[in-house]
Amino acid sequence: MTDHCLRFENLTLGYAGHAAIHHLSGGVERGALTAIVGANGSGKSTLVKGIAGILKPISGICSARYRRLAYLPQQSELDRSFPARVIDLISLGFWQRRGLLGRLTKADRADLAGCLSAVGLAGFEDRPLDSLSGGQMQRALFARAMLQDADLILLDEPFNAVDARTIADLVQLVRRWAAEGRTVLCVLHDHALVREHFPQTLLLARKAVALGRTEVVLTPENLLRARNFQESWDEPAGWCEDGPSPGAGSSVGQGAVDKVSANV
Amino acid sequence: MYDYLIAPFLQYGFMQRALFGSLVLAVSCAPVGVFLMLRRMSLTGDAMSHAILPGAALGFVFFGLDIIPMTLGGLIVGLVVALGAGAVSRLTIQKEDASLAAFYLISLALGVLLVSWRGSSVDLMHVLFGSVLALNNAALALIVIIAVITLLALAIFWRALVAECLDPLFLRSVSRVGAPVHFLFLALAVLNLVAGFQALGTLLSVGLMMVPAAASRFWSNQVGPMCLIAIAIAAVSTLGGLLLSYHASLPSGPAIILTAGGIYFLSTLAGRRGVLRNAFTPRRHRAA
């Protein structure tokens with residue numbers, strides 16, 4: 001039996017009764033480094049929200065087994081004008097370990113400084129948040145995720161509007177997390193980046209087009225299939241009658257999904 | 001100097017009570033105002049101060065100008081409005097400003113109806129403007145209790161309050177305290193407004209909460225220091241306002257808020273992050 005960190009069974013997620021992603025089945029193994037790829041509106045962020053528990057499934061099961069979760073959303077609700085320093089933002093990463101009242105220990109502070117220098121922001125502790133550039137803010141958020149010491153890490157398009165050097169630095173960080181045995185899911189648009197650094201890929205088009213080893217998933221045929229899907233929110237859309245059975249929803253059936261994840 | 005600044009408080013018991021009550025109120029209200037401002041809810045205080053009117057009016061209708069029933073009534077109605085508006089915004093797509101506008105206007109209309117039903121417009125003015133110079137023991141005790149509750153709650157939930165303002169989605173991903181803390185905070189705001197309307201009236205109680213908070217933003221870039229600065233500004237305003245009211249025979253509530261307003265304008269101009277500092281930045285700049 002493989003040790004799954006995430007397990008989807010005929011999972012359907014959406015908003016106001018309209019599916020954004022439906023009939024997703026499959027699993028992600030503990031310690032896997034997986035990219036989630038798909039067009040805009042293909043359900044990537046929705047899936048990540050579902051895994052984070054922020055969005056409840058319309059139907060099906062999304063079981064996530066983890067000790068601690070770190071979630072870096074695509075559209076952060078972070079208030080950058082808030083009067084806080086970098087250290088105030090980063091130290092939120094201790095929440096799961098120190099809770100509401102626990103004081104930060106000396107070791108915690110050393111930890112914090114270590115994480116800041118790991119993302120290239122050494123000495124930025126007392127900088128006000130509103131003085132950070134976009135890339136520096138993203139580095140700071142990675143430092144916070146690092147500090148959470150999570151075993152499941154969800155990154156939703158973390159490299160948007162980030163320069164090449166910052167991406168290179170942060171990708172190394174992501175690889176290190178995976179090497180440490182953490183399960184990492186990362187929503188990405190850059191296929192070259194995915195091919196280079198991410199062993200596993202989930203290709204979405206409002207359903208799973210393919211899940212498995214990246215070189216098997218990111219084929220021209222699969223990518224073409226992923227481009228042809230109904231993106232629009234269709235108000236009078238009929239009720240989906242697709243069942244969980246292989247072939248009905250996704251053209252890559254469950255067999256393929258399971259076989260691939262067993263190879264991980 | 002002594003005659004002007006200290007004698008009024010030594011000679012008159014009502015001045016001592018007024019000073020004590022409004023200083024305690026300043027310590028309690030100002031940090032709440034800072035958080036309201038940081039959540040972009042500065043006008044919420046204003047809306048809430050109107051929303052508690054029907055509660056106060058009900059107390060007035062049944063028990064006359066007695067502080068306890070009016071306070072309890074205001075507190076209950078205020079909590080209903082705050083929690084109702086908060087719940088609508090959490091459960092639907094409607095933002096809190098819109099739901100609160102609906103709730104408080106309904107509440108205000110009810111309040112005006114109640115007051116006009118039983119009282120005269122003079123009574124309404126009394127409810128709206130209050131008088132810090134007429135604080136009795138019960139009112140003072142209430143203010144002290146509310147201040148203690150407020151400071152304790154702020155101390156315990158500080159980290160959650162900051163996190164909920166700074167990055168609410170992150171807080172949701174690591175903890176479930178976000179929503180309860182939001183409601184607790186709304187309750188604190190209502191509590192302090194109710195405490196304030198003893199001293200300053202519903203119309204001006206929000207002033208002591210928001211004006212020092214707004215002024216503090218020009219002096220600091222961190223929440224903790226901002227709260228302390230806001231408390232200091234509120235305390236100085238109450239002292240200055242009471243003296244102004246005493247020497248110039250002005251109503252005490254407006255005098256206190258106008259003093260705070262003066263400090264606010266001073267801060268916008270001369271504060272470390274104020275207008276003048278922005279206008280006269282040196283031509284030389286640091287390399288990094």
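Quick note on labels: first sequence line is chain A, next is B, and so on, each numbered from 1.
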Exercise. When heavy-atom pairs shorter than 4.5 Å are enumerated against chain A, which of Gly224(B), Ala155(B), Ser220(B), Ser175(B) gives the highest number?
Worked result: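 Most heavy-atom pairs within the cutoff with chain A belong to Ser175(B).
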Problem set entry | side-chain contact (heavy atoms from CB on, under 4.5 Å) between Phe82(A) and Arg39(B), intermediate numbers included | CA-CA 9 Å; Phe82(A) 190 85; Arg39(B) 313 186 128 206; over 6 Å; no
Interatomic spacing from [atom1] in [X] to [atom2] in [Y] - rounded to 0.5 Å:
X	Y	atom1	atom2	answer
Ser173(B)	Arg68(A)	OG	CZ	13.0 Å
Leu92(A)	Leu166(B)	CG	CG	5.5 Å
Trp95(A)	Phe170(B)	CH2	CZ	8.5 Å

Problem set entry | salt_bridge(Arg40(B), Asp79(A)) N-O dist < 4.0 Å |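 A salt bridge is present here (some side-chain N lies under 4.0 Å from a carboxylate O).
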More than 12 heavy atoms of other residues, nucleotides or ligands under 6.0 Å from [atom1] of [X]: yes or no?
X	atom1	answer
Ile93(B)	CD1	no
Leu269(B)	CG	yes
Arg176(A)	CZ	no
Arg172(B)	CZ	no

Exercise. Looking only at heavy atoms, which two atoms of Arg217(B) and Ser81(A) are closest? And how far apart?
Worked result: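 Nearest heavy atoms, Arg217(B) then Ser81(A): NH2-O, 3.1 Å.
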For this session: For residues Val174(B) and Leu69(A), report the shortest heavy-atom separation together with the two atoms involved.
Result: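 Closest pair (atom of Val174(B), atom of Leu69(A), distance): CG1-O, 4.4 Å.
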For this session: Against chain B, label Arg98(A) side chain, backbone, both or neither, depending on which of its atoms sit under 4.5 Å from a heavy atom there.
Result: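 Contact with chain B involves both backbone and side-chain atoms of Arg98(A).
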Exercise. Looking only at heavy atoms, which of residues 121-147 of chain A get nearer than 4.5 Å to chain B?
Worked result: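 Contacts with chain B: Pro128(A), Leu129(A), Asp130(A), Arg144(A).
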Given heavy-atom pairs under 4.5 angstrom as the criterion, report whether the side chain, backbone, both or neither of [X] touches chain A.
X	value
Leu171(B)	side chain
Val177(B)	side chain
Arg159(B)	both
Arg273(B)	side chain

